[in-house]
2 protein chains.
Amino acid sequence: MVTALGLVPTERSAVEAAASGVVCCAPLSREPLGAEDAVVLARILKAIADPARLRLLSLVAAHEGGEACVCDLIEPLGLSQPTVSHHLKVLVEAGLLTRDKRGVWAYYALVPGGLDALAAVLR
Amino acid sequence: MVTALGLVPTERSAVEAAASGVVCCAPLSREPLGAEDAVVLARILKAIADPARLRLLSLVAAHEGGEACVCDLIEPLGLSQPTVSHHLKVLVEAGLLTRDKRGVWAYYALVPGGLDALAAVLR
DNA sequence: CAGAGGCATGGACGAGCGTCAATATCGACA
DNA sequence: TGTCGATATTGACGCTCGTCCATGCCTCTG
């Protein structure tokens, strides 16, 4: 399997794949999913297959300016600060959130088209 | 939160929710996801967040007639028969596959619109 | 009725996950 | 420079998950 960039999946991180708008493969119902593609896609799906991380994505998207710092998310989520940081890290590594540290605060925002690219594969 | 059927999520199985075309909630980026909705959505996403189950969905969809029995899936997947049965059960309980036992064989098929409903929430 | 074959279930085991408390790191500011 | 505050990391714990082997159930066919 070869992506639009001509690289095999194992050579590209989930971050790069999602950020480039190419999660990994053709829509599910169109052709049998290769074993390697399945691992790549599953890794991204595991990132959002958690109630806390789903709410984090939603909270960040709904926050003013489309970005939020950790302190904005702790209380609405009802989890400890280290746990929130952990979940945010997972989402960043999956290529669904960006992290921008400005001074003491770390601002997280949705990767444009990240979720859309993921949704496009589920067909 | 109230679904299109006027029932709270805990009163409806994931199967019913997906089969009715209503996974659970509004698109992620539109409004903050409620805690209960997040649990429901995460449960369905966990079902597909696994390489073996992603390939199963793809294999079933690509199979002639849009359905396949367990014996058709064991070899291409490279897993034991009990393991394949286990994964298929998870997908059925998530409302993404149907199971139709005819004689000795059990035929699995995609729930129409199941994946599309799921994809629609990821926005 | 007895055997065979397709599939599901139960038990077991190692690996990974979600959470927290404690602690470390880093930038702002007096 | 020293303290404070926001965030990240570490270590630990219980729980869930993916997999297999062994076995049970059910249906067809001699």
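Model, not experiment: these values are computed from the prediction. Naming: A, B, ... by sequence-line order, numbering from 1 per chain.
- We find the CZ-CD distance between A/Arg43 and A/Glu93 to be 10.5 Å, quoted to the nearest 0.5 Å.
- Ion pair B/Glu67/B/Arg102 flagged as a salt bridge, since at least one NZ, NE, NH1 or NH2 atom sits closer than 4.0 Å to an Asp/Glu carboxylate oxygen.
- Closest to the A/Cys71 side chain, of the nucleotides C/dG18, D/dT7, D/dT19, is D/dT7.
- Residue B/Val104 has its side chain nearest to D/dC28 when only D/dC28, D/dT19, C/dC7 are considered.
- The CG atom of A/Asp100 sits 15 Å away from the C1' atom of D/dA6 (whole-angstrom rounding).
- For the pair B/Glu93 CD and C/dA8 P, the computed distance is 12 Å after rounding to whole Å.
- Computed from coordinates, the B/Leu91 CG to D/dG18 C1' distance equals 13 Å when rounded to whole Å.
- Residues from residues 49-67 of chain B that place a heavy atom under 4.0 Å from any atom of DNA chain C: there are none.
- Rounding to whole angstrom units, CD1 of residue B/Ile74 and P of D/dT19 are separated by 14 Å.
- Taking a 6.0 Å sphere around CZ of A/Arg30, one finds it holds 12 or fewer heavy atoms contributed by other residues, nucleotides or ligands.
- Here B/Tyr108 reaches the OP1 or OP2 of C/dA8: one of its side-chain N or O atoms lies under 4.0 Å away.
- Atom NZ of A/Lys101 is separated from atom P of D/dG5 by 16 Å (rounded to the nearest Å).
- Distance CG (A/Leu79) to P (C/dT19): 5 Å, rounded to an integer number of Å.
- OP1 and OP2 of D/dT27 both lie 4.0 Å or more from every side-chain N or O belonging to B/Arg102.
- You'll find that the side chain of A/Arg99 is closest to D/dA8, out of D/dA8, D/dA6, D/dT27.
- Taken from CG in B/Leu91 to CZ in B/Arg99, the straight-line distance is 13.5 Å, to the nearest 0.5 Å.
- In this structure, CG in A/Leu45 is found 11.5 Å from NZ in B/Lys46, a value given to the nearest 0.5 Å.
- Contacts of residues 80-89 of chain A with DNA chain D (heavy atom under 4.0 Å): A/Gln81, A/Pro82, A/Ser85, A/Lys89.
- In this structure, B/Tyr107 does not reach the C/dC7 phosphate: none of its side-chain N or O atoms is under 4.0 Å from OP1 or OP2.
- In this structure, the separation between CG on B/Leu115 and CD1 on B/Ile48 is 6.5 Å, given to the nearest 0.5 Å.
- Regarding A/Leu45, its CG atom lies at a distance of 19 Å from the P atom of C/dG16, rounded to whole Å.
- Judged by distance alone, with hydrogens and angles left aside, the side-chain atoms of B/Ser85 form no donor-acceptor pair with the main-chain N or O of B/Val70 at under 3.5 Å.
- A distance of 6.5 Å separates CG in A/Leu41 from CG in A/Leu33, rounded to the nearest 0.5 Å.
- Note: CD1 (A/Ile48) to C1' (C/dC17) measures 16 Å, nearest angstrom.
- When atom types are taken as modelled, the side chain of B/Ser29 and the backbone of B/Arg123 share a donor-acceptor pair closer than 3.5 angstrom.
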